[in-house]
K.L.:
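Handing you a structure now.
These numbers come from a predicted model, not from an experiment. Both backbone and side-chain heavy atoms feed into the values below; hydrogens, waters and symmetry mates do not. Naming: A, B, ... by sequence-line order, numbering from 1 per chain.
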Number of protein chains: 2
Amino acid sequence: MRTLGYAVLSLLSREDLSGYDLKRWMERPLGYFWSAKHSQIYPELARLEDEGFVTHRVVEQQGKPDKKVFAITAEGREALKAWVTEPPVGRAPRDELILKAYSMWLAEPGAAAVLFEEQGRLHEEQLRHYKATEAWMEENWGGSPEKMDFDDFASYAALRRGIGYERDYAEWCRWVAAGLKERLSG
Amino acid sequence: MRTLGYAVLSLLSREDLSGYDLKRWMERPLGYFWSAKHSQIYPELARLEDEGFVTHRVVEQQGKPDKKVFAITAEGREALKAWVTEPPVGRAPRDELILKAYSMWLAEPGAAAVLFEEQGRLHEEQLRHYKATEAWMEENWGGSPEKMDFDDFASYAALRRGIGYERDYAEWCRWVAAGLKERLSG
DNA sequence: TTTATCTATGTCACTCTTGACATATTAACC
DNA sequence: GGTTAATATGTCAAGAGTGACATAGATAAA
């Protein structure tokens, strides 16, 4: 099975969801580390159902169209559990901003500094958002990681990676921008 | 043009290279932040030549097959320069290990701890490699970033992002593993 | 002499992913 | 009554990327 299938199962292992619900989780917050569009999700759900990893029931709603709510099966949960402790398949890292940094010597230092300051602000903004979520989790999930339920700790751990990433990325952007500004005057 | 084209131009802006040379740069060190296989590189070179961004000449070698050495054109250099200060196109981040962390509550804490310790070691190893390169650069390129040539500073900046990334990633892996071990005993 | 390896260049089928197209229900607003 | 937006589910064409296939010159080792 491909990683997308496990991403879907990882959400369904916590809660029954429709394709539309999954689409929104794949935007935020799961999308912060694994994203997919609805054009991938609906065919993937059909495959997972073919393979016996999920089932669905149609739910009628008032004020909204009917929906198909998917649930993970015992086989699905077993497959997901087995996958969790397998080493991840190595993906080629691709970061366009680092590539731009590698070529920034061709550009005007001032124009490049603007870019890295802008990007730094974007990462700082994302960091603030993550920090607010972290504070909410710590308040509502027992104060410290050791006291959290295991599933809450798993969510908290994923968030902590996001915090580290954005903090470090923002700092690097500021450092690059500062280095560029030195080349402006002296 | 797609990012792959600019990755190729970014290498050719520093040095004339054959498709085979580019392939090796795309493994290491450029591959640390933008990678491509030779099956992508050769067609891309043909496209770049069609568009007038590169030219090539055939070079005969002793003891090796002939090669086509590519050089960036003035148009290619201009296109690359303009691209450098444009904001990067947002790519969907995908990190399978964070997805595994998000689902680790389904697994045995001990088995999951083994995974995160393993992955932590891999990131520490990459970090050591980067740190050795950093030391080499500082020794050979003037001691500190401000004293470096602009193109050397650009390479150094790209490396510094890698160092921050691996350091922070390794630390997160150790932190997750420690949290999992607590759930083993108490 | 055969085999393996490195250099060197290319093509092709397949998978993954995206963006556009397509349709339908219901609510809210003008 | 018409428009817009949110909910809800799907398909399809195209692009990006990988792995396998293919060929070939030259060296070195067995």
Side-chain angles (χ1 to χ4, degrees), chain A residues 1-8 11-12 16-28 30-31 33-50 54-70 88-96 99, chain B residues 1-8 11-12 16-28 30-31 33-51 54 56-70 88-96 99:
Chain A
M1 210 196 320
R2 66 170 141 308
T3 306
L4 173 62
Y6 294 110
V8 169
L11 288 168
L12 293 180
D16 293 356
L17 296 167
S18 69
Y20 192 74
D21 294 330
L22 284 162
K23 177 208 119 188
R24 283 184 298 194
W25 277 91
M26 290 281 194
E27 286 162 358
R28 179 174 38 83
L30 196 94
F33 48 92
W34 202 274
S35 70
K37 311 280 181 181
H38 78 280
S39 53
Q40 263 192 300
I41 293 166
Y42 289 111
E44 186 62 31
L45 283 167
R47 266 189 295 268
L48 289 171
E49 189 151 40
D50 272 354
V54 304
T55 54
H56 84 267
R57 60 182 195 283
V58 175
V59 173
E60 289 172 38
Q61 302 181 104
Q62 53 274 51
K64 291 178 203 170
D66 296 355
K67 63 178 173 180
K68 290 161 75 171
V69 173
F70 287 83
V89 296
R91 313 190 102 243
R94 286 200 176 85
D95 187 318
E96 201 176 316
L99 189 58
Chain B
M1 211 197 316
R2 68 171 141 310
T3 305
L4 174 61
Y6 293 109
V8 169
L11 288 169
L12 294 179
D16 292 357
L17 296 166
S18 68
Y20 192 74
D21 295 330
L22 284 162
K23 176 208 121 190
R24 283 184 298 194
W25 278 91
M26 289 280 194
E27 285 161 359
R28 181 173 36 86
L30 196 95
F33 47 93
W34 202 274
S35 71
K37 313 280 182 181
H38 78 280
S39 53
Q40 263 192 301
I41 292 166
Y42 289 111
E44 185 63 30
L45 282 168
R47 266 189 294 269
L48 289 170
E49 189 151 38
D50 273 353
E51 290 162 351
V54 304
H56 83 269
R57 61 183 193 283
V58 175
V59 173
E60 289 173 37
Q61 300 182 105
Q62 52 274 51
K64 292 178 201 170
D66 296 355
K67 62 178 174 180
K68 290 162 75 171
V69 173
F70 288 83
V89 296
R91 311 190 103 243
R94 287 200 176 85
D95 186 318
E96 201 176 317
L99 189 57

K.L.:
On the nucleotide C/dT15, are OP1 or OP2 found under 4.0 Å from the side-chain N or O atoms that A/Arg47 carries?
P.N.:
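Negative; the distance criterion is not met.
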K.L.:
To the closest 0.5 Å, what do you measure between CZ (B/Arg91) and OG1 (B/Thr3)?
P.N.:
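Rounded to the nearest 0.5 Å, the CZ-OG1 separation comes to 6.5 Å.
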K.L.:
Check the distance between C/dG19's P and A/Tyr42's OH and give it to me in whole angstrom.
P.N.:
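So the two atoms are 17 Å apart, to the nearest Å.
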K.L.:
Can you check whether A/Lys64 has a side-chain N or O nearer than 4.0 Å to OP1 or OP2 of C/dA27?
P.N.:
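It does not, given that no N or O in the side chain of A/Lys64 lies less than 4.0 Å from OP1 or OP2 of C/dA27.
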K.L.:
Reading DNA chain C from 5' onward, which residue's closest nucleotide shows up sooner: B/Arg24 or A/Leu4?
P.N.:
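Its nearest nucleotide being more 5', the pick is B/Arg24.
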K.L.:
Looking at A/Gln61, does any N or O in its side chain come under 4.0 Å of the phosphate oxygens OP1/OP2 on D/dT7?
P.N.:
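Looking at the OP1 and OP2 atoms of D/dT7, neither is under 4.0 Å from any side-chain N or O of A/Gln61.
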K.L.:
Which whole-number value in Å describes the distance from A/His38 NE2 to D/dT11 P?
P.N.:
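My rounded result for the distance is 10 Å.
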K.L.:
Over all strands shown, is B/Lys23 touching base, sugar-phosphate only, or nothing at heavy-atom distances under 4.0 angstrom?
P.N.:
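Here B/Lys23 touches no strand at all.
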K.L.:
Tell me the interatomic distance from A/Lys68, atom NZ, to C/dA24, atom P, rounded to whole angstroms.
P.N.:
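Computing the A/Lys68:NZ to C/dA24:P distance gives 16 Å.
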K.L.:
Roughly how many Å is it from OH in A/Tyr6 to P in C/dC16, rounded to a whole number?
P.N.:
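So the OH-P distance, A/Tyr6 to C/dC16, works out to 12 Å.
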K.L.:
Grab the two heavy atoms, one from A/Leu12 and one from A/Leu17, that are nearest each other, plus how far apart they are.
P.N.:
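Shortest heavy-atom separation between A/Leu12 and A/Leu17 comes out as CD2-N, 3.6 Å.
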K.L.:
Among the candidates C/dT18, C/dT9, D/dA8, find the nucleotide nearest to the side-chain atoms of A/Lys37.
P.N.:
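Of all the options, the side chain of A/Lys37 is nearest to C/dT18.
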K.L.:
Distance criterion of 3.5 Å, no angle test: do you see the side chain of B/Ser39 paired donor-to-acceptor with the base of D/dG19?
P.N.:
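Yes, the side chain and the base share a sub-3.5 Å donor-acceptor pair.
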K.L.:
Got a second to check how far A/Phe70's CZ is from A/Leu45's CG, nearest 0.5 Å?
P.N.:
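Nearest 0.5 Å value for the CZ-CG distance: 4.5 Å.
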K.L.:
Please give, in whole Å, the distance from D/dT18 P to B/Gln40 CD?
P.N.:
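One finds 6 Å between P of D/dT18 and CD of B/Gln40, rounded.
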K.L.:
How many whole angstroms separate atom CD of A/Glu27 from atom P of D/dA8?
P.N.:
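Rounded to the whole Å, the gap is 13 Å.
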K.L.:
Assess the residue pair B/Arg47 and B/Glu44 against the criterion (salt bridge (Lys or Arg N to Asp or Glu O under 4.0 Å)); give the C-alpha distance rounded to whole Å, side-chain angles, the decisive distance to 0.1 Å, and a yes or no.
P.N.:
CA-CA 5 Å; B/Arg47 266 189 294 269; B/Glu44 185 63 30; 3.0 Å; yes
K.L.:
In this structure, how many angstroms lie between the C1' atom of D/dT18 and the CH2 atom of B/Trp34, rounded?
P.N.:
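In whole Å, D/dT18 C1' lies 15 Å from B/Trp34 CH2.
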K.L.:
Between A/Ser18 and B/Arg91, just flag the one whose closest nucleotide in DNA chain D comes earlier from the 5' side.
P.N.:
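By nearest-heavy-atom nucleotide position, the 5'-most residue is A/Ser18.
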K.L.:
From CZ of A/Arg94 over to P of C/dT17, roughly how many Å is that when rounded to an integer?
P.N.:
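These atoms are roughly 12 Å apart.
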K.L.:
Ignoring backbone atoms, test whether A/Arg2 places a side-chain nitrogen or oxygen under 4.0 Å from the OP1 or OP2 oxygen of C/dC14.
P.N.:
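Checking A/Arg2 against C/dC14: no side-chain N or O falls below 4.0 Å of OP1 or OP2.
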K.L.:
Which heavy atom of A/Ala36 sits nearest to which heavy atom of A/Leu4, and what is that distance?
P.N.:
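Reported closest heavy-atom pair: CB-CD1, 3.7 Å.
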K.L.:
Base, sugar-phosphate, or nothing for A/Gln62, non-hydrogen atoms under 4.0 angstrom?
P.N.:
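Counting heavy atoms under 4.0 Å across all strands, no contact is made by A/Gln62.
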K.L.:
Hey, is the side chain of B/Tyr20 poking within less than 4.0 Å of OP1 or OP2 on C/dT7, counting only N and O atoms?
P.N.:
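Answer yes for this pair, as a side-chain N or O of B/Tyr20 is under 4.0 Å from OP1 or OP2.
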